[in-house]
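This report refers to the structure that appears directly beneath it.
Just follow the structure's listing: the first ligand is 1, and inside any ligand the first atom is 1.
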Amino acid sequence: MGRYGPYPAPGGACSGYLITAGETQLLVDCGAGVLSRLFAVLPVENLTGVILSHLHSDHVNDFFVLRYALEVARHQGRRVEPLPVWAPAEPSAEFARLAYRDVITLNGVTEGEELMLGRLRAAPFPGKHSLPVYGWRFQFDDSVLVYSADTEYDPRLVFQAEGADLFLCEATFTAAQLDQGLKGHLSGQQAAMIAREAQVGRLLLTHLSPAQDLNVVLAEARAEFLLTELAEEGKVYTLTT
Ligand SMILES: [Zn+2]
Ligand SMILES: [Zn+2]
């Protein structure tokens, strides 16, 4: 749905990914601009759940509007069940703000506690960022998708991404910016080094900054791992086993 952070490019959207696995329709992150795209492909009553990787605004701000759509769907009888939502429980004030009447069931994420959403298995793992954050490893039958969420370099990510068919990894910085001491995010080059070490099938770069020359980010990544692309908004990526 959206590939930008920490703010969208003109006409673009911040982080938001719809995972379809059998009957399961899971939205992962819900940043600015995601909702109008989501509703172009899926009515709110068909959503199985929402995972928010962390509570920075570029990953949650359309979530607050999603709650109104749920409320209207309930009034109209289109959706009776509350929508299950998973997010880090810290910062607690931010977490508490996610709750809204009885249209949401809010769950704190705990490391090591896997979710089963239909046949989709979802396992959280902590990242290194300015707020508590969880990346996720998703498995459906034999297909594995790993989402880094926002994180700076962490050697554990190689283990978390191990053998993924698709590694959706943030690439906010250029290598030069990392050299200047910027922290909290990865460069495309670092994402690609992790992808290579983890022997993933494909690397998809996301959380792209509108302030960057994305050709530089992509070229730096491809120098390390050839099977790298920039995520495209609105594109469907199919994992087959
Ligand atoms: Zn972000
Ligand atoms: Zn963030």
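- Here the side chains of Thr24 and Arg119 are not in contact, with every heavy-atom distance at 4.5 Å or above.
- Judged purely by distance below 3.5 Å, without hydrogens or angles, the side chains of Asp150 and His54 pair a donor atom with an acceptor atom.
- Taking 2.8 Å as the criterion, Cys14 does not count as a coordinating residue of the Zn ion (ligand 1), since none of its N, O or S atoms falls below it.
- Aromatic ring centroids of Phe64 and Tyr100 lie 6.0 Å or more apart.
- For Phe159, there are no ring pair (Phe, Tyr, Trp, His ring centres under 6.0 Å) partners, not counting sequence neighbours.
- For the Zn ion (ligand 2), the count of nearby protein N/O/S atoms, taking only those under 2.8 Å, is 4.
- For Lys183 and Glu152, the salt-bridge test fails: no basic side-chain N is under 4.0 Å from an acidic carboxylate O.
- Looking at Asn107, its side chain never comes within 3.5 Å of a backbone N or O of Pro84 through a donor-acceptor pair.
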